[in-house]
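Read the numbers this way: they start at 1 and go in the same order the structure lists the ligands and their atoms. This structure is a prediction, so every number in the text was calculated from the model and none was measured.
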Amino acid sequence: MTNYPLRSLNRFKDSYERRIDQLLERRKEGKRIVGTFCLFVPDEIIYAAGADRVILCGGRNATVSFAEKYLPRTICPLIKSSFGSVVSRECCGVAEACPHFDLVDVVVAETTCDGKKKMYELLDRYIPTYVIDLPQKPESPDALRYYRGELERFKAAMERFTGNTITDEGLRREIRLANETRQLLHRFYDLRRRDPPAVTGVDVLKVLQKQYFLSPGDFRTLLRELCDEVEQVTVNGRHMPRIMISGCPMAGGNTKVADIIEERGGVIVAEESCTGTRSFWDLVDEGKDKNKNPLTAIAERYLKIPCSCMTPNERRVEHIRELITTFNVDGLVYYTLQSCHGYNIERFKVQQALKAEHIPMLAIETDYSDSDVGQIEVRVDAFMEMVSS
Ligand code: BJ8
């Protein structure tokens, strides 16, 4: 690879404490802080209401055992880790809890997978939790109307919650800014098309995780600096197997499989996930059609997110094919969290599509613990050998 360390990557790494202080300051000023768990909750509406937001998805193993005192052990670790952050104090008096939960006035959740939906019912006992109901068949004729109606209700809830009116002008401004972030992420991803890329996949993942934590303005500033720096870097080095990850999100604190892939000689060049392209690939229509209501434009864009909670979700396979070509992918690691039925079942469709394209695939189903690291390393070694031959 190349001239590591990139200076601007360190600025991402150093941003944690500053952001916590910033959120505390904003609360003192009377700003409301919203916690979210999913891409289907549009940031544009939150920011147009003058609120701030942090994503609460847990990626750390430390809080899983606390959640298991309340939730079945056989659900996805992302849900357990998130819920464990809330209940760890109550059940054990241990400050393993994620500090973000203390900063949040309200959670805005969504009806995606069953595990999350039911966890939100319990979460509401600790933090007021508002749930947006999602249609499950985004291509059906009524889906857009229904989701648009839900966003209208969410907008009214945010107005009550903040005491601020959300105007069309405010929504248009936030759409423009969110699109700016998405375009910057496209620019950043474009740099990964080089062979070898100038930034490791693990570092890209950490940047993407920060997208959900930093304020959008600060995130854009740091990302712009990073793109400027990476564009200047000369890339030297040999070809390494170009790996794409597809599947469940890797929430902040979880880089386990990405670390293994890159320690074993691969380089990750794209992630089809919510800590990857699903968060930014499509833009909200800013409208040649000046009469288009901004809430409609938001609903149209967000309904396109190819999450496995949707059916039949053919868009996801098409998107994977597009990424394989764009990033010149040698092999795909299909990454799932244990008990994530949606992504585990969709593996079959993805595998079939890849077979037709002669792209090798390795499926890894795991949790947040280290117990299977050795076994994953062995399988990744064999996979690297296959894609290199
Ligand atoms: S849009 S992927 S962020 S729902 S991994 S909790 S699905 S059992 S996180 Fe997700 Fe929104 Fe979809 Fe993205 Fe359930 Fe699966 Fe766990 Fe998951």
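Looking only at side-chain heavy atoms (C-beta outward), M310 and R316 stay at 4.5 Å or farther from each other.
Figure legend: cation-pi geometry between R242 and F327 absent, as NZ or CZ is not positioned both under 6.0 Å from the six-membered ring centre and within 45° of its axis.
Near Y343, meaning under 4.0 Å from any of its heavy atoms, are these atoms of ligand 1: 2 (S). Annotation for ligand 1: atoms under 4.0 Å from non-hydrogen atoms of I79 are 6 (S). Counting the atoms of ligand 1 from 1 in the order shown, those under 4.0 Å from a heavy atom of C248 are 5 (S).
The ring-ring contact (aromatic ring centres under 6.0 Å, His included) contacts involving residues 242-264 comprise nothing, where partners must be two or more places apart or lie in separate chains.
Nearest non-hydrogen protein atom to atom 16 (Fe) of ligand 1 is C76 SG, 2.4 Å. Among all protein heavy atoms, the one lying closest to atom 10 (Fe) of ligand 1 is K116 NZ, 3.6 Å. Among all protein heavy atoms, the one lying closest to atom 15 (Fe) of ligand 1 is C340 SG, 2.3 Å.
Ionic pairing of K210 and D218 is not present here: no N-O contact between side-chain nitrogen and carboxylate oxygen is shorter than 4.0 angstrom. A salt bridge links K28 with E25: the closest approach of a Lys/Arg side-chain nitrogen to an acidic carboxylate oxygen falls below 4.0 angstrom.
At a cut-off of 2.8 Å, measuring from atom 12 (Fe) of ligand 1, the protein N, O or S atoms that fall short of it are C307 SG, waters left aside.
Ring geometry for F219 against F12 counts as perpendicular: the plane angle is over 60°, on a 0 to 90° scale with 30° as the lower cut. Aromatic ring orientation, H186 versus W281: tilted (interplanar angle from 30° to 60°).
Rounding to the nearest 0.5 angstrom, the gap separating the CG atom in D381 from the CE atom in M386 is 12.0 Å.
Looking at every heavy atom in both residues, N344 comes nearest to E365 through ND2-OE2, 3.4 Å.
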